[in-house]
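Here's the structure we're looking at; comments come further down.
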Amino acid sequence: MVRSRGTGAFPPLEDPARICEQDLTSRERDRVEKGLERAWAGSPATLRPRVERVLEATGADEILAAGATFDRAALAGSDARVVQLLG
């Protein structure tokens with residue numbers, strides 16, 4: 001995905017281990033680092049207070065959660081945990 005913004009092509013996502021083995025340009029590396037800074041990860045117990053603070057601070061009625069991975073089963077599991085967290 002880090003290359004898609006530069007190439008305009010959106011091929012299937014690759015295994016992160018393979019991407020890390022490849023040479024990334026400094027611009028691509030910067031995109032990866034900035035994306036990781038904005039990402040939230042953790043158990044429902046650790047994420048719930050963070051989500052609640054955002055909802056309280058913004059007054060939002062809803063929240064959008066998005067994820068991406070080459071592993072479709074892992075993505076389905078992640079989506080299920082987000083539903084459980086927000087449900």
Side-chain angles (χ1 to χ4, degrees):
M1 216 162 138
V2 68
R3 291 196 171 104
S4 297
R5 290 188 182 205
T7 65
F10 292 85
L13 296 177
E14 296 178 59
D15 182 335
R18 289 187 51 212
I19 294 171
C20 294
E21 294 169 3
Q22 299 171 3
D23 292 333
L24 295 177
T25 67
S26 61
R27 187 173 188 177
E28 290 169 340
R29 190 171 285 108
D30 186 52
R31 282 189 186 130
V32 169
E33 290 172 4
K34 286 183 178 178
L36 290 173
E37 289 172 2
R38 292 187 298 257
W40 291 13
S43 70
T46 59
L47 290 176
R48 185 179 314 281
R50 189 171 184 180
V51 170
E52 289 172 349
R53 282 194 303 273
V54 168
L55 291 173
E56 186 176 312
T58 64
D61 293 326
E62 51 189 32
I63 190 168
L64 174 67
T69 180
F70 74 100
D71 183 333
R72 306 324 266 167
L75 183 59
S78 179
D79 288 345
R81 287 186 297 278
V82 169
V83 168
Q84 181 183 15
L85 170 70
L86 300 177

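Residue numbers run from 1 in the order of the sequence given.
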Look at atom CD of E52 and say whether more than 12 heavy atoms of other residues, nucleotides or ligands are closer to it than 6.0 Å.
yes
Side-chain donor-acceptor distances from residues 37-46 under 3.5 Å, at least two apart:
unit_1, atom_1, unit_2, atom_2, d
S43, OG, A45, N, 3.4
S43, OG, T46, N, 3.3
S43, OG, T46, OG1, 3.3
T46, OG1, S43, N, 3.1
T46, OG1, S43, O, 2.9

Least distance between heavy atoms, E62 atom then L55 atom:
O-CD2, 4.3 Å
Residues clustering with L64 (ILVMFWY side chains joined when closer than 4.5 Å, directly or via others)
none
Under 3.5 Å, which donor-acceptor pairs do the side chains of residues 66-80 form with other protein atoms, sequence neighbours left out?
unit_1, atom_1, unit_2, atom_2, d
T69, OG1, D71, N, 3.2
D71, OD1, A73, N, 3.1
D71, OD1, A74, N, 3.0
R72, NH1, T69, O, 2.9

Check side-chain contact (heavy atoms from CB on, under 4.5 Å) between A9 and all other residues, then give those that pass, not counting sequence neighbours.
T7, P11
Name all residues meeting the side-chain contact (heavy atoms from CB on, under 4.5 Å) criterion together with L86; count only those two or more places apart in sequence or in a different chain, and write none if there are none.
V51, I63, V82
Going by the rule side-chain contact (heavy atoms from CB on, under 4.5 Å), which residues pair with P49 if we only count those two or more places apart in sequence or in a different chain?
R53
Can you tell me which residue among R27, K34, E28 is in a side-chain contact (heavy atoms from CB on, under 4.5 Å) with D30?
K34
